[in-house]
There are 2 protein chains.
Amino acid sequence: MKLSTRARYSLRLMVEIARRSDGGAPVSLAQAARGGDLPRRYLEQLVIGLKSADLLRGVSGKDGGYYLARPAAEIRVGDILEAAMGPLRIVDCVEDPRECLRADFCQCRQVYALINRRIREVLNEFTLEDLARKGGLQRGMERLEGKAAVGKGSGGTAPRGRSGRTVQGEETR
Amino acid sequence: MKLSTRARYSLRLMVEIARRSDGGAPVSLAQAARGGDLPRRYLEQLVIGLKSADLLRGVSGKDGGYYLARPAAEIRVGDILEAAMGPLRIVDCVEDPRECLRADFCQCRQVYALINRRIREVLNEFTLEDLARKGGLQRGMERLEGKAAVGKGSGGTAPRGRSGRTVQGEETR
DNA sequence: GATAACTCCTACTACAATAATCGGAGTTAG
DNA sequence: CTAACTCCGATTATTGTAGTAGGAGTTATC
Ligand code: FES
Ligand code: FES
């Protein structure tokens, strides 16, 4: 369920580029890496996916870099995550029943489809502009009043401990 | 973004047990494995998580097996997935800001938190009963009328192809 | 009390994905 | 012509995933 660093870095990279591209000049990966505290060499990889998804355009040569292919307000978080991670499908059979032999019997498929759709909905609700804006979110904030502690008992037992928590002080970036 | 087989099998296993535990007798993994076309030896692993999350109870010895720790209607899909995959957190910092050094600056955290919450919401909307019922879903079906094809252009380009599709005819189970 | 059918527990293994790093070729402004 | 970039293709270490294996302990049945 965890988002890969690939996905997180991609998102952060896009934010970094969005915030720095006021002056019209393209943003270099070196800048973005410094500002976002990201490994520059790795960003070079990630940018490939973002370019081929037509979210970024590259400019070669000195003073080169990347700029957004369209305005931040028109780039949805889902677009970025999809570019980074591949199709936003929780299981393949939701879209193509032929992926599963047992698709006719399987009770899970309908639920998977519903879940998948809802995930795509949230992901497309926010745009890069929401993230790049300095003052934090505006839209969607009203939905946060409930604070944390969602599912009642579900957060308690912590089953299948999974590799322990991150070392204290380490950065998820 | 794909659900691990671990998660999918766990869910299917639970469905299989739910559907077969009418007669009060516990359901053996051999039965469930046969019925669900799942590798029995692997289920033995998965069942550990489901037990320690107190979703299943085991009965040793001949004619032994597993039964639901509570009625299917009180077991949410999210409970099962959480037992199988660990805490339903898309990033660690949503619940504990100390996980990220940059949590104060990071624009993404709020969005992550929102997304995370929504995912938990869907997952807790459906119960094992919904899945075990023979006739497919009832609740939630009304939300399906829109059919597939959600995000407009987002499904088209298929960025970062990711290991090609499953071999035709293979089963995701 | 043997035996068959189970759970339960602890490895172990093969493979794939993730998170990088590296060296260098090509491009462009000054 | 050089500094600062993008662009391209490999290579690597580490982790996670999916699954197998062997056997000890438990319980109903004959
Ligand atoms: S998981 Fe694909 S049909 Fe059940
Ligand atoms: S991802 Fe944790 S604070 Fe940004």
Side-chain angles (χ1 to χ4, degrees), chain A residues 1-13 17 20-21 24-34 37-52 56-67 84-86 91 160-164 166-167 170-173, chain B residues 1-10 12-13 17 20-21 24-34 37-52 56-67 69 84-86 91 160-164 166-167 170-173:
Chain A
M1 258 297 140
K2 290 240 172 25
L3 234 46
S4 59
T5 45
R6 188 185 176 84
R8 280 179 289 114
Y9 287 11
S10 293
L11 194 53
R12 295 236 310 177
L13 172 60
I17 291 177
R20 288 163 190 272
S21 50
V27 181
S28 76
L29 290 187
Q31 283 173 70
R34 240 178 292 118
D37 187 32
L38 302 164
R40 202 214 83 216
R41 229 53 218 271
Y42 193 29
L43 294 186
E44 267 175 50
Q45 288 292 340
L46 307 191
V47 101
I48 295 172
L50 295 167
K51 269 200 313 174
S52 66
L56 286 183
R57 299 272 167 75
V59 178
S60 284
K62 168 150 194 200
D63 299 337
Y66 298 89
Y67 60 95
M85 305 188 302
V91 291
R160 187 167 158 77
R162 209 26 140 243
S163 81
T166 320
V167 184
E170 198 186 322
E171 152 97 281
T172 310
R173 302 196 240 202
Chain B
M1 256 296 140
K2 290 241 174 20
L3 234 46
S4 59
T5 46
R6 187 185 177 86
R8 281 180 288 113
Y9 286 11
S10 294
R12 294 236 311 176
L13 172 60
I17 291 178
R20 287 163 191 271
S21 50
V27 181
S28 77
L29 290 186
Q31 283 173 70
R34 239 178 293 117
D37 188 31
L38 304 165
R40 203 213 83 218
R41 228 54 219 272
Y42 194 26
L43 294 187
E44 267 175 52
Q45 289 292 338
L46 308 192
V47 101
I48 295 172
L50 296 168
K51 270 201 311 176
S52 67
L56 286 182
R57 299 271 167 76
V59 179
S60 283
K62 171 155 188 190
D63 299 337
Y66 297 89
Y67 61 94
M85 304 189 303
V91 290
R160 188 167 154 77
R162 215 9 150 254
S163 79
T166 319
V167 183
E170 197 186 322
E171 152 95 281
T172 311
R173 306 195 238 205

- Message: To the closest 0.5 Å, what do you measure between OG1 (B/T5) and OH (B/Y42)?
- Response: 4.0 Å
- Worked check of side chain to side chain contact (heavy atoms under 4.5 Å, CB included) between A/L13 and A/L29: CA-CA 9 Å; A/L13 172 60; A/L29 290 187; 4.1 Å; yes
- Query: Could you give the CZ-to-C1' distance, from A/R8 to C/dA20, as a whole number of Å?
  - Reply: 13 Å
- Measure the spacing between NZ of A/K2 and OG of A/S4 and express it to the nearest 0.5 Å. 12.0 Å
- Out of C/dA19, D/dA18, C/dT7, whichever nucleotide has its closest atom nearest the side chain of B/L29: C/dT7
- How far apart are the closest heavy atoms of B/Y66 and B/V47, and which atoms are they? OH-CG1, 3.4 Å
- Task: Round to a whole Å and report the spacing from CG of B/L43 to P of C/dC6.
- Result: 14 Å
- Task: Specify the separation, in whole Å, of atom CZ of B/R57 and atom C1' of C/dC8.
- Result: 17 Å
- Message: Please determine whether a side-chain nitrogen or oxygen atom of A/T5 lies at a distance below 4.0 Å from atom OP1 or OP2 of C/dA19.
- Response: yes
- Write down the distance between CG (A/L46) and P (D/dC7), rounded to a whole number of angstrom. 14 Å
- Compare side-chain N and O positions of B/K51 against OP1 and OP2 of C/dC8 and report whether any pair is under 4.0 Å apart. yes
- Note on the structure: Per nearest nucleotide of DNA chain D, the residue lying toward the 5' end, A/I48 or A/Q31, is A/Q31
- Note on the structure: Between NZ of A/K2 and C1' of D/dT15 the distance, given in whole Å, is 14 Å
- Message: Does C/dA20 have its OP1 or OP2 closer than 4.0 Å to a side-chain nitrogen or oxygen of A/Y9?
- Response: yes
- A/L3 or B/G64, whichever maps to the more 5' nucleotide of DNA chain C: B/G64
- Listed by chain and number, what are the side-chain contact (heavy atoms from CB on, under 4.5 Å) partners of B/S28, not counting sequence neighbours? B/A30, B/Q31
- Query: For A/L38 and C/dA20, what is the distance between atoms CG and P respectively, to the nearest whole Å?
  - Reply: 10 Å
Show me, pair by pair, the donor-acceptor contacts under 3.5 angstrom made by side chains of residues 56-64 of chain A, not counting sequence neighbours?
unit_1: A/R57; atom_1: NE; unit_2: A/D54; atom_2: OD1; d: 3.2
unit_1: A/R57; atom_1: NH2; unit_2: A/D54; atom_2: OD1; d: 3.2

- Counting primed atoms, P, OP1 and OP2 as sugar-phosphate and everything else as base, the B/S/- map of nucleotides 20-30 of chain D against protein heavy atoms under 4.0 Å is BBBB--BBB--
- Item | Residue pairs passing the salt bridge (Lys or Arg N to Asp or Glu O under 4.0 Å) test where at least one lies in residues 43-52 of chain A, sequence neighbours excluded | A/R40-A/E44, A/R41-A/E44
